[in-house]
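Lettering of chains follows the sequences in order, A, B, ..., and the numbering in each one begins at 1. Remember, it's a predicted structure, so these values are computed and weren't measured experimentally.
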Amino acid sequence: MNRSGNSFTENQSSNLAVNECVRYILCQEGSKIPIKHCDIRKHLEDNFGAPRNLIKNIITNANNILKNVYGYKLVQVDAKQSQYIVVLNKPCTKSMLSTYNNPQHRKLLIAALTHIYMTGAPVKEDDMWKFLTEAQLMKEFDVEKKKLLIKTFTRQMYLKYIKGRNDTFFFEWGQRAEEEIPKIFLLSKMSEAFNVGPDYWAEQYIQATSNENNGNDEDDE
Amino acid sequence: MSYDNIHRFLLRSVASLGVLSFHDTEEILSKSFPETEFAINDLVQNINEKLKPLKQQIKIVNEETTMQKNLVFISLGCDITTKTQNMFSSEQLDYFRILLEQIMTTESRQITAIQAINLAGKGSVAITDAEALLLIWCRMHYLEKIGSNYAIGLRAIHEFERYFQENMPDRVPNCCLCNQSVFRGYNCPGCDEAIHTNCLKNYSDKHHKWPCCKADFYESHLERLDCQGMSQTLHSKRQTQGEPSNVSNRTVEIEDSDQETEETTVEISQSKKRKRKTK
């Protein structure tokens, strides 16, 4: 770093800021907790002297690098607070489970999401525990597993835990689940398990295939 | 070949798995991109060009025991940005560092599960959490479980290469037979030379001697070396090497000022111990 009065050329410093923005996003991404816009801004301002009015541009350029190098993209999830999650740029059915994830937790999550999807409506909290217990994925009063769904998965935006009528809580799909988990994938697992075609569940099939039409599979590019 | 989806897929796979064997890479890529001809080395080279400004890299390395080629994803930077990571708390990271230090200062470069869990207390990690953490780190290839012992995982070996060189240069010796860094191996009880488990086995099966000093080799040597008490081992090592009685010099040489090993707890003065607590 040039320590004299004139540091970088504008180009150099903006490249540095963009690369550091990408690095920051990748460092935060592992926990799956949404990344706050203000945290990105603070990190770049405080540590790399990035001017506030350029932050938006820097994030846009960082997003381009994520798309180009990794095939990831940033998605804004909370218009108010401005938070981002990192998801695949294009659907990819061949991905392997990251070692960052606990396979047991993953099973639990997929089961919960499948249950909500097949039910076709938000699932009452008690109903969810009953389902998961019957599926032998948790014991009836397993506080840790309940915390996983109510706290962790909601924080990661896989699930939504919403208060409904009569103070009952419901589980719904979170925005990250919508982005990350193709419904046709869940449906094909179900059809395998029940030995039927995926169109056996008409409503779900329509949902799953209309999603597929919106995104192009990586292979077609 | 211009940068394409196959590069991105490979990068995402290696980055999220941490370690992917060359063989599995070939299989997965052939299955996922059946129409594409590819050479893994070229793909990795292209990817690394893109990763350079991001301070990341995919290394193709040989695993010490199997000599199998593996792709390892490593983060090269250790700076203000990487320190913002939120997967592990600083106490958990301290615990990991303590584990690394303990493993690296044990003759056989392995520690028992019990030793590993007991070290959690030093890192202010609850013993109940320690088991879960050890599992996670094994899954991520930062540690490796060998039987009921823990050794340094392939990913840590390469990601922490500089850390080991800077903080414990005499803990990463080269094998007296093949001259590669030894992380799965032993120090000869006779002359203290380092050697890979594999290299030693290949030699001793034929010649029944330690290859370094040609001392007689017995299986019982390995049993004794495996997970011997740490301070015990080092203490006896010092005696055979005729170390100066002023131990504090040596401990400063071994580690960075803010990491302390068990050995320092045992052998150095109270003032050093206090220093650790304030860091």
Among B:Q56, B:M140, B:Q85, B:H7, which residue forms the greatest number of heavy-atom pairs with chain A at distances under 4.5 Å?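 Among B:Q56, B:M140, B:Q85, B:H7, the one with the most close pairs to chain A is B:M140.
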
Pick from B:L54, B:I136, B:L51: which one has the most heavy-atom pairs with chain A under 4.5 Å?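 That would be B:L54.
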
Sort by residue number and list every member of residues 96-106 of chain A having a non-hydrogen atom under 4.5 Å from chain B.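 Only A:M96, A:L97, A:S98, A:T99, A:Y100, A:N101, A:N102, A:P103 of residues 96-106 of chain A have a heavy atom under 4.5 Å from chain B.
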
Give the interface residues of residues 130-146 of chain A toward chain B, defined by a heavy-atom separation under 4.5 Å.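 Listed by number: none.
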
To the nearest 0.5 Å, how far apart are [atom1] in [X] and [atom2] in [Y]?
X	Y	atom1	atom2	result
A:I33	B:M87	CD1	CE	9.5 Å
A:K90	B:R8	NZ	CZ	7.0 Å
A:E29	B:N86	CD	CG	10.0 Å

Is it true that, when you exclude B:E131 itself, more than 12 heavy atoms of the residues, nucleotides or ligands shown sit nearer than 6.0 Å to its CD?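 Check fails, neighbour count at 12 or below.
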
Might you confirm whether atom CG of A:N53 has over 12 heavy atoms from other residues, nucleotides or ligands at distances under 6.0 Å?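 Above 12, so yes.
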
Portion of B:I28 that has a non-hydrogen atom of chain A nearer than 4.5 angstrom: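 Side chain only.
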
Sub-4.5 Å heavy-atom contacts with chain A: which residues of residues 69-83 of chain B show up?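 If one takes a 4.5 Å heavy-atom cut-off, the residues of residues 69-83 of chain B near chain A are B:F73, B:G77, B:D79, B:I80, B:T81, B:T82.
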
Test: salt bridge (Lys or Arg N to Asp or Glu O under 4.0 Å). Region: residues 31-54 of chain B. Which pairs qualify, not counting sequence neighbours?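 Residue pairs passing salt bridge (Lys or Arg N to Asp or Glu O under 4.0 Å), neighbours aside: none found.
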
A:Y70 (side chain) donor-acceptor with B:R12 (main chain) under 3.5 angstrom: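 Pair absent, no side-chain N/O of A:Y70 close to backbone of B:R12.
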
Check each atom of A:N68 against the heavy atoms of chain B and say whether the ones under 4.5 Å are side chain, backbone, both or neither.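 Interface part for A:N68: both.
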
Please report the C-alpha distance between A:R23 and B:K55 in whole Å, then the side-chain angles of each, then the deciding distance to 0.1 Å, and finally whether the side-chain contact (heavy atoms from CB on, under 4.5 Å) criterion is met. CA-CA 8 Å; A:R23 292 184 73 225; B:K55 297 189 190 164; 3.7 Å; yes

